[in-house]
Number of protein chains: 2
Amino acid sequence: MRERILDVSLELFNEQGYDKTSLREIAERLGVTKAALYYHFERKEDILLELHLRMHALGADALRELNELDTAQARADAWPRVLDAFIDQLFANADLLLLHARNQNAFRAIGDDERHHAANEDIQEQAARLLANREIPAAQRVRLACSLGAILAAIGLHGGPLADIPQAELIEHVRVAIRDLLTPDGKDHTAA
Amino acid sequence: MRERILDVSLELFNEQGYDKTSLREIAERLGVTKAALYYHFERKEDILLELHLRMHALGADALRELNELDTAQARADAWPRVLDAFIDQLFANADLLLLHARNQNAFRAIGDDERHHAANEDIQEQAARLLANREIPAAQRVRLACSLGAILAAIGLHGGPLADIPQAELIEHVRVAIRDLLTPDGKDHTAA
DNA sequence: GTCTATATTTCGATAGAC
DNA sequence: GTCTATCGAAATATAGAC
């Protein structure tokens with residue numbers, strides 16, 4: 001049941017947003033009453049928190065690999081490879097990603113919560129630390145940031161204007177595009 | 001006064017999100033009462049709508065230029081140039097962009113509103129139409145989508161992990177990166 | 001585990017004086 | 001144009017029976 005609540009909540013949060021989704025709606029779609037939800041989750045925030053932890057688990061492995069590398073340059077160099085493997089995983093969990101992209105504000109409010117900062121290292125914090133690392137050339141840091149945004153945009157727009165493109169094909173396009181983005185090619189951009 | 005309300009609202013919406021920002025807070029920060037706001041805006045939604053119209057105005061010119069081109073291929077070809085000029089404008093209005101990125105749900109709710117669809121063509125719809133155009137090769141459409149996401153990410157992260165990079169430098173990095181992203185370079189990605 | 005009922009709070013919005 | 005005061009709705013959350 002706890003699982004069904006999380007599934008339905010994720011659906012509704014993505015459709016209408018966290019704030020505009022009431023517990024009554026979640027309960028209705030589940031065929032139960034509002035009060036029943038409180039048996040499984042103490043507060044509404046806890047539902048969102050649990051969904052957040054799932055995304056945290058998603059990237060934990062990949063980012064751990066990055067952090068085990070010694071030098072900052074080595075981490076930057078490894079990024080393309082890690083990112084490439086990452087893309088599949090991100091697309092496979094598009095709904096979790098969209099939840100975060102579309103409800104940044106709601107998650108920020110949770111950030112001040114106890115358990116969030118307490119227990120485990122957040123994936124977002126790890127990514128932020130990498131992007132903030134001044135030992136990496138600024139140009140490369142910007143490209144890293146752009147690559148994340150690019151992937152997220154592709155996933156988000158796959159439900160919209162890019163809906164006609166089969167996912168497998170879309171992923172391949174993204175993969176190649178990201179590789180172009182992350183590998184400066186010294187092309188003459190000043191044109192003729 | 002109407003201007004001050006919009007300024008403060010934009011601030012608060014970006015800090016806490018549209019839904020979690022109450023009219024009471026906006027009024028408090030302005031040193032007036034809630035009721036005073038209702039003299040300038042009939043509904044809370046209207047504040048958000050007005051902010052939306054400002055972003056619409058932002059891109060209207062650039063996108064009009066695109067739509068005046070005849071063939072779909074011509075529009076795709078012109079995109080890099082338009083986008084390049086666009087980037088400056090987007091960075092100059094970062095707060096408006098972040099508002100939209102961080103409150104997608106709130107804006108979607110407004111989309112069903114009367115005046116929004118009635119009067120003018122929305123910039124987002126125009127961009128969506130371009131991205132959905134099947135006359136453009138899928139690979140290129142994906143790259144267009146990615147470029148938008150990349151720019152947005154750079155702007156969003158400039159307030160965070162990339163804060164130490166001067167804006168002028170950041171913009172230049174983005175400009176070059178986007179150019180790499182939009183021009184497939186036939187590099188051998190299969191590596192050695 | 002789920003229910004009915006209700007407490008509590010907060011918000012958007014209105015009425016009318018100044 | 002701004003105020004005080006209040007309405008009505010909706011949401012989170014709780015209490016206690018089954």
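In what follows, chains carry the letters A, B, and so on, assigned in the order in which the sequence lines appear, proteins first and then strands, with residues in each chain numbered from 1.
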At less than 4.0 Å, is any side-chain N or O atom of [X] found next to OP1 or OP2 of [N]? Yes or no.
{"X": "Thr33(A)", "N": "dC3(C)", "value": "yes"}
{"X": "Arg43(A)", "N": "dT12(D)", "value": "no"}
{"X": "Tyr39(B)", "N": "dT2(D)", "value": "no"}

To the nearest Å, how far apart are [X] [atom1] and [N] [atom2]?
{"X": "Glu25(A)", "N": "dA10(D)", "atom1": "CD", "atom2": "P", "result": "12 Å"}
{"X": "Glu42(B)", "N": "dT14(C)", "atom1": "CD", "atom2": "C1'", "result": "12 Å"}
{"X": "Lys34(A)", "N": "dA7(C)", "atom1": "NZ", "atom2": "C1'", "result": "11 Å"}
{"X": "Tyr38(B)", "N": "dG16(C)", "atom1": "OH", "atom2": "C1'", "result": "17 Å"}
{"X": "Leu37(A)", "N": "dT14(D)", "atom1": "CG", "atom2": "P", "result": "13 Å"}
{"X": "Lys20(B)", "N": "dT10(C)", "atom1": "NZ", "atom2": "P", "result": "14 Å"}
{"X": "Ile47(B)", "N": "dA13(C)", "atom1": "CD1", "atom2": "C1'", "result": "13 Å"}
{"X": "Asp19(B)", "N": "dG12(C)", "atom1": "CG", "atom2": "P", "result": "9 Å"}

Give a yes-or-no answer on whether the side chains of Gln89(A) and Asn93(A) include a donor-acceptor pair shorter than 3.5 Å.
-> no

Of all the nucleotides listed (dT2(D), dA5(D), dA11(D)), which has the minimum atom distance to the side chain of Ala35(B)?
-> dA5(D)

Closest to the side chain of Lys44(A), out of dT2(D), dA5(D), dA13(D), is dA13(D)

Would you indicate what Ser22(A) reaches in the nucleic acid, counting non-hydrogen atoms under 4.0 angstrom: base, sugar-phosphate, or nothing?
-> sugar-phosphate

DNA chain D nearest-nucleotide lookup for Leu23(A) and Gly31(B): closer to the 5′ end is Gly31(B)

Can we say Glu11(A) and Arg4(A) salt-bridge, meaning some charged N sits less than 4.0 Å from an Asp/Glu carboxylate O?
-> no

Carboxylate-amine/guanidinium contact Arg2(A) Glu50(A), below 4.0 Å | yes

Is the Phe107(B) ring parallel, tilted or perpendicular to the His52(B) ring (thresholds 30°, 60°)?
-> tilted

Looking only at non-hydrogen atoms, find the nearest pair between Phe13(B) and Asn103(B) and report the distance.
-> O-ND2, 3.8 Å

